[in-house]
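Owing to the predicted nature of the structure, the values given are computational and were not obtained by experimental measurement.
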Amino acid sequence: MAVTGLVPGETSLKLTADNGVVKTMPVIVRENLLKDWPNAIFTVNSFDNKTIPSFAITGGTMTLTGAAGVTDQRVATVVTLPAGFGSKVTVGLDYTGPTLASMGLADGLLRVIAVGPDGLYSPVATLQAPATVTPGHYRLDAVLPDKATQVEMRIGVFTTTPFTVTRLAIMRTSEYIE
């Protein structure tokens, strides 16, 4: 069986069997949202909705910087789930540094939020930021509620020191690439 038509941003995977039969399966193919820039939309927010972190994307690298004095700082992106996606989703990021102590500005390094057809947001899973965040790959598996139509990935901005990530992924758990 051959796999064709798989590129970042597509919501289906085309499989062609040896006998020529073609089958399409729904997937999320956001192997790296930074490659989708500027088509991928990122938003910033915090607990008070006024003091917000900042980010910049250059050459496939996102640099994030927290603001002093407020908690729950985050950069987020939302992806619409294709029909038949299922309930298991994995989000991940490649943190490239520097090694930093968490200042407690975010309640998690990664968070998955399910969005229902009514537009209501429902937190499903959180990966707490360790006391010291070191370069490496961080991932979070989550199970979405049955009626979820979108998934939001929140990246916690845990320090006022600028830090970088080179990959942000949202994929079906069984298809996740480390």
Side-chain angles (χ1 to χ4, degrees), residues 6-9 27-79 81 87-115 121-144 150-178:
L6 182 63
V7 295
V27 294
I28 285 183
V29 183
R30 293 287 195 238
E31 192 272 326
N32 190 349
L33 287 154
L34 297 177
K35 290 180 182 176
D36 290 348
W37 177 258
N39 295 325
I41 297 170
F42 298 94
T43 59
V44 292
N45 213 329
S46 70
F47 179 74
D48 71 0
N49 295 319
K50 296 174 189 164
T51 308
I52 56 174
S54 63
F55 73 92
I57 300 173
T58 307
T61 298
M62 178 184 272
T63 302
L64 302 100
T65 306
V70 68
T71 59
D72 193 23
Q73 295 187 43
R74 60 198 180 268
V75 174
T77 188
V78 176
V79 173
L81 298 169
S87 62
K88 294 181 180 178
V89 67
T90 297
V91 300
L93 63 79
D94 287 344
Y95 178 82
T96 51
T99 296
L100 293 170
S102 173
M103 294 174 64
L105 299 182
D107 57 359
L109 184 59
L110 284 172
R111 180 172 270 191
V112 173
I113 309 291
V115 184
Y121 284 60
S122 173
V124 228
T126 301
L127 175 65
Q128 295 299 327
T132 301
V133 183
T134 58
H137 182 72
Y138 294 85
R139 74 178 272 174
L140 175 62
D141 298 330
V143 177
L144 302 171
Q150 295 179 315
V151 64
E152 178 180 89
M153 172 187 189
R154 291 185 181 173
I155 303 116
V157 184
F158 58 90
T159 178
T160 56
T161 303
F163 64 93
T164 58
V165 297
T166 54
R167 178 181 177 225
L168 298 173
I170 301 176
M171 300 179 76
R172 184 183 304 197
T173 299
S174 62
E175 297 162 355
Y176 190 78
I177 305 163
E178 289 258 347

Enumerate, atom names and distances included, each donor-acceptor pair closer than 3.5 Å involving a side-chain atom of residues 66-75, sequence neighbours excluded.
residue : atom : partner : partner atom : Å
D72     : OD1  : R74     : NH1          : 3.4
D72     : OD2  : R74     : NH1          : 2.7
Q73     : OE1  : A67     : N            : 2.8
Q73     : NE2  : A67     : O            : 2.5
Q73     : NE2  : V70     : O            : 2.9
R74     : NH1  : D72     : O            : 2.9

Next item on the list: For the residue pair S46 and T51, confirm or rule out a side-chain donor-acceptor distance under 3.5 Å.
Entry: no
Check: Looking only at heavy atoms, which two atoms of A129 and S102 are closest? And how far apart?
Finding: CB-OG, 4.3 Å
Notebook entry, point to check: Which value, rounded to the nearest 0.5 Å, describes the distance between L144 atom CG and Q150 atom CD?
Noted result: 11.5 Å
Checklist line | Heavy-atom side-chain proximity of V78 to I41 below 4.5 angstrom | finding: no
Check: How are the rings of Y95 and F163 set relative to one another: parallel (under 30°), tilted (30 to 60°) or perpendicular (over 60°)?
Finding: tilted
Check: Looking at CD1 of I57 and CG of L64, how far apart are the two atoms once the value is rounded to the nearest 0.5 Å?
Finding: 8.5 Å
Check: Nearest heavy-atom pair of D141 and A125: which atoms, and what distance?
Finding: O-CB, 4.0 Å
Check: Distance-only, no hydrogens or angles: does the T173 side chain make a donor-acceptor pair with backbone N or O of V89 under 3.5 Å?
Finding: yes
Item checked: Spacing of L168 atom CG and M153 atom CE [to the nearest 0.5 Å] -> 4.5 Å
Margin query: Please determine whether side chain to side chain donor-acceptor pair (under 3.5 Å) holds for the pair T96 and T164, giving the CA-CA distance in whole Å, both sets of side-chain angles, and the decisive distance to 0.1 Å.
Written below: CA-CA 6 Å; T96 51; T164 58; 2.5 Å; yes
Check: Just wondering, do T132 and P130 contact through their side chains at under 4.5 Å, heavy atoms?
Finding: no
Notebook entry, point to check: Among D94, V165, L93, whose side chain to side chain contact (heavy atoms under 4.5 Å, CB included) with Y138 holds?
Noted result: L93
Check: How long is the span from the OG1 atom in T65 to the CZ atom in F55, to the nearest 0.5 Å?
Finding: 11.5 Å
Check: Would you call V133 and T159 a side-chain contact if the rule is heavy atoms closer than 4.5 Å?
Finding: no
Checklist line | Shortest non-hydrogen separation from L140 to L127 and the atoms involved | finding: CD2-N, 3.8 Å
Item checked: Flag side-chain contact, heavy atom, 4.5 Å: T126 against Q128 -> yes
Check: Looking only at heavy atoms, what is the nearest atom pair of L105 and V157, with distance?
Finding: CB-O, 3.4 Å
Notebook entry, point to check: What distance do R172 atom CZ and T90 atom OG1 have between them, rounded to the nearest 0.5 Å?
Noted result: 11.0 Å
